[in-house]
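Read through the structure below, which is laid out as structure tokens, and then see the notes.
All residue numbers in this chain count up from 1 along the given sequence. What's counted below: heavy atoms across the whole structure, side chains too, no hydrogens, waters or symmetry copies.
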Amino acid sequence: MDEQRRRRTAIIWTAFAAVMTYVTFSDGFTADAADLLGAVAVVLGLGLAYVYYANPNGMLDFGESDT
């Protein structure tokens with residue numbers, strides 16, 4: 001996966017996490033099932049944004065060589 005596409009995907013996941021943060025915390029956090037699920041979605045969105053942005057150990061190369 002090329003760098004421009006990875007960074008664009010990271011921006012999309014960051015925007016998703018921002019929207020989910022707003023939706024989850026806009027009416028207060030009460031630790032019920034919906035708020036906990038929203039918090040998990042925020043954490044997963046930020047995690048995916050990091051993976052796409054940083055590409056640790058060439059994880060997203062899927063065995064492609066740089067030749």
Which heavy atom of Val51 sits nearest a heavy atom of Pro56, and at what distance?
O-CD, 3.8 Å
Rounded at 0.5 Å granularity, tell me how far CG in Asp35 sits from CG in Asp27.
6.0 Å
Please name the pair of heavy atoms, one in Ala31 and one in Leu36, separated by the smallest distance, quoted to 0.1 Å.
O-CD1, 4.0 Å
Smallest separation among heavy atoms of Phe16 and Ala41, with atom names
CE2-O, 3.8 Å
Would Arg6 and Tyr53 count as having a side-chain donor-acceptor pair, cut-off 3.5 Å?
no
Please report the interatomic distance CG(Leu44) to CG(Leu37), rounded to the nearest 0.5 Å.
9.5 Å
Taking all atoms of both residues into account, what is the closest heavy-atom pair of Met20 and Thr24, and its distance?
O-OG1, 2.7 Å
Parallel, tilted or perpendicular: which fits the ring planes of Phe29 and Phe25, with parallel below 30° and perpendicular above 60°?
tilted
